[in-house]
Trainee: 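My questions all concern the structure below.
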2 protein chains.
Amino acid sequence: MSPRDAEATKKRILEAAVAEFAQHGFSGARIDRVASAANANKSLIYTYYGSKDQLFDAVLEAAIGDLHESVPFTPDDLPAFGARLFDFLVAHPVEIRIDAWRRLERPTNTTLEQQMFAEKIAALDAIGSTAADGTSSADLLVMVLAVSWAWATVPEALGALASAEIDLRRKQVVRSIEVLCEADFTASLNEHA
Amino acid sequence: MSPRDAEATKKRILEAAVAEFAQHGFSGARIDRVASAANANKSLIYTYYGSKDQLFDAVLEAAIGDLHESVPFTPDDLPAFGARLFDFLVAHPVEIRIDAWRRLERPTNTTLEQQMFAEKIAALDAIGSTAADGTSSADLLVMVLAVSWAWATVPEALGALASAEIDLRRKQVVRSIEVLCEADFTASLNEHA
DNA sequence: AGGATCAAACTAACTAGTTGGTTAAACTTG
DNA sequence: CAAGTTTAACCAACTAGTTAGTTTGATCCT
């Protein structure tokens, strides 16, 4: 711990805020808890970050940026992308919760994220042949993300009953994306009306 | 509206609570807002439901029960199950949020839910041949749910860029589950290390 | 019938504790 | 000293939960 170092204090506050918001969300988070966890005074949070809202936004931006930067997108190899995303989520459970809170409490905080997704979709469109016709590349990306996130968003009640081994889960994710990419979406076999 | 009817008042309170908790979660919900939305006095909430916590639990139980009852499970036709689940989520966006809040704020409220999942897994195991080897039926269920929920959990930033038509999304979900059920999980084509 | 009685349903006002945010003073270092 | 950094004390607004009292409708008694 280094007192009298504004930059270090700012960083400590942000890290404590990430943990606090990940656990309790925006409404449940307490500024005093952030301050004491960061070994910083409460008022420093306001001098450095302005308000609880802005601190939350800073946390969200850091988390989203971290996720998109740490998991490079390979439009020509979506199973590998899914594997990287899966690995990242396993290694960073905090980001899973942050993202869930964001969807609920900041559904329209999308400036940065929309750009990230637009890039990925553009990359997919540039290749073109990845998915069969009948669905846009954005639709394919939705499914790939859903499968990659599957084990991160599964209710604990179900996760407790399933395979606990990471390797098995990972292989299942990769294989699922493989078959989704190879599948033909032009015609549905049955209608399931 | 019928005053002096305890049962009706209790119901109004629960309905208002569902809306309030769906929008704000547990920490963000305000008992006073529930009271005024239900056209009931605040203290009635405490006489009928005990506490904010118990009211939240009542809301969760109602929502979970509603979901599992409204979407019958057909272990021999998972694509149809996925279609029903998809339709239910489209028709009941409130339940989507309630479920998301539950995962974050009541991760261990699993008594009822664990039983629901156990039944589904047992039904899948009884059939046995549904999925290929290499994954348990619980693992398969995780993927089926992830795909069915895909459009409900997709970040708004991505959903805005994808196909907006429900029919298209539905067909994609059904087809995805089809190929997942037909797929062979014994061997992974590439390792994606 | 019609007034007295009673329990359940309901209400307004209040309490005790919490929370985001502020401020003025104090400390540290160049 | 002077600018930047840190702190403790403080405040106004809010919030879950309580309480003392009122209204209502049904039941009973004559």
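Residue numbering restarts at 1 for every chain, and letters A, B, ... go by the order of the sequence lines.
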Trainee: Please confirm whether the shortest side-chain N or O distance from A/R30 to OP1 or OP2 of C/dG20 is below 4.0 Å.
Mentor: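 The answer is yes; a side-chain N or O of A/R30 sits under 4.0 Å from OP1 or OP2.
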Trainee: Between the base of C/dT22 and the side chain of A/S43, is there any donor-acceptor pair under 3.5 Å?
Mentor: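 By the distance-only test, no, there is no pair.
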Trainee: Check this one for me: any side-chain N or O of A/Y48 less than 4.0 Å away from OP1 or OP2 of D/dT6?
Mentor: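 For D/dT6, OP1/OP2 do have a side-chain N/O of A/Y48 under 4.0 Å.
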Trainee: Can you tell me if the side-chain N/O atoms of A/T9 get under 4.0 Å from OP1 or OP2 in D/dT6?
Mentor: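 Yes.
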Trainee: Counting the atoms with a prime plus P, OP1 and OP2 as sugar-phosphate, which does A/Y49 contact under 4.0 Å by heavy atoms, base, sugar-phosphate, or nothing?
Mentor: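 If one applies the 4.0 Å heavy-atom cut-off, A/Y49 turns out to touch nothing in the nucleic acid.
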Trainee: Under 4.5 Å between side-chain heavy atoms, counting indirect links through other Ile/Leu/Val/Met/Phe/Trp/Tyr residues: same cluster for B/F88 and B/M116 or not?
Mentor: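 Unlinked, B/F88 and B/M116 end up in two clusters.
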Trainee: Give the nucleotide from the list D/dT6, C/dT23, C/dG21 with an atom nearest to the side chain of A/L44.
Mentor: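 The listed nucleotide nearest to A/L44's side chain is D/dT6.
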Trainee: Could you state the atom-to-atom distance from OH of B/Y46 to P of D/dT15 in whole Å?
Mentor: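 Answer to the nearest Å: 12 Å.
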Trainee: Do B/L14 and B/I64 belong to the same hydrophobic cluster, where Ile, Leu, Val, Met, Phe, Trp and Tyr are linked whenever their side-chain heavy atoms lie under 4.5 Å apart, directly or via other members?
Mentor: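 Unlinked, B/L14 and B/I64 end up in two clusters.
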Trainee: Are any of the side-chain heavy atoms of A/E105 and A/S27 separated by less than 4.5 Å?
Mentor: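 Side-chain contact under 4.5 Å: yes.
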Trainee: Determine, using ring centers only, whether A/F117 and A/H68 are less than 6.0 Å apart.
Mentor: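 Yes; A/F117 has its ring centre under 6.0 Å from that of A/H68.
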Trainee: Which listed nucleotide (C/dA9, D/dT6, C/dA12) is nearest to the side chain of B/N41?
Mentor: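 Selected nucleotide: C/dA12.
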Trainee: Could you check how far CZ of A/R33 sits from C1' of C/dG20, rounded to whole Å?
Mentor: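 Rounding to the nearest Å, CZ of A/R33 and C1' of C/dG20 are 13 Å apart.
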Trainee: Would you say the side chain of A/K42 and the base of D/dA8 hold a donor-acceptor pair, judged only by whether the two atoms sit under 3.5 Å apart?
Mentor: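 There is none.
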Trainee: Rounded to whole angstroms, how far apart are CZ on B/R12 and C1' on C/dA9?
Mentor: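 Taking CZ of B/R12 and C1' of C/dA9, I get 11 Å after rounding.
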Trainee: Between B/E7 and A/D53, which is nearer to the 5' end of DNA chain C once each is assigned its nearest nucleotide?
Mentor: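 The residue closer to the strand's 5' end, by nearest nucleotide, is B/E7.
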Trainee: Rounded to whole Å, please give me the gap between CD in A/E20 and P in C/dG20.
Mentor: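 Going from CD in A/E20 over to P in C/dG20 covers 9 Å.
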Trainee: Filter on ring-ring contact (aromatic ring centres under 6.0 Å, His included), then keep only pairs touching residues 15-38 of chain B, sequence neighbours left out; what's left?
Mentor: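 Listed once each, the pairs are B/F21-B/F56, B/F26-B/F56.
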Trainee: Base, sugar-phosphate, or nothing for B/A29, non-hydrogen atoms under 4.0 angstrom?
Mentor: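 Answer is sugar-phosphate: B/A29 comes under 4.0 Å of backbone atoms only.
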Trainee: Grab the CZ-P distance between B/F26 and D/dA16 for me, whole Å please.
Mentor: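 It is 8 Å, rounded to the nearest whole Å.
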Trainee: Please evaluate the base of C/dG21 for a donor-acceptor partner in the side chain of A/K52 within a cut-off of under 3.5 Å?
Mentor: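 Looking at the base of C/dG21, it does not pair with any donor or acceptor on the side chain of A/K52 (distance under 3.5 Å).
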Trainee: Rounded off to whole Å, could you give me the CG-to-P distance for the A/N39 and D/dT5 pair?
Mentor: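 A/N39 atom CG is separated from D/dT5 atom P by 18 Å.
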Trainee: Send over the distance from B/D32 CG to C/dC14 P, rounded to a whole Å.
Mentor: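 To the nearest whole Å, that distance equals 15 Å.
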Trainee: Give the rounded distance in Å between these two atoms: CZ of A/F56 and P of C/dT19.
Mentor: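 The distance from CZ of A/F56 to P of C/dT19 comes to 17 Å, rounded to the nearest Å.
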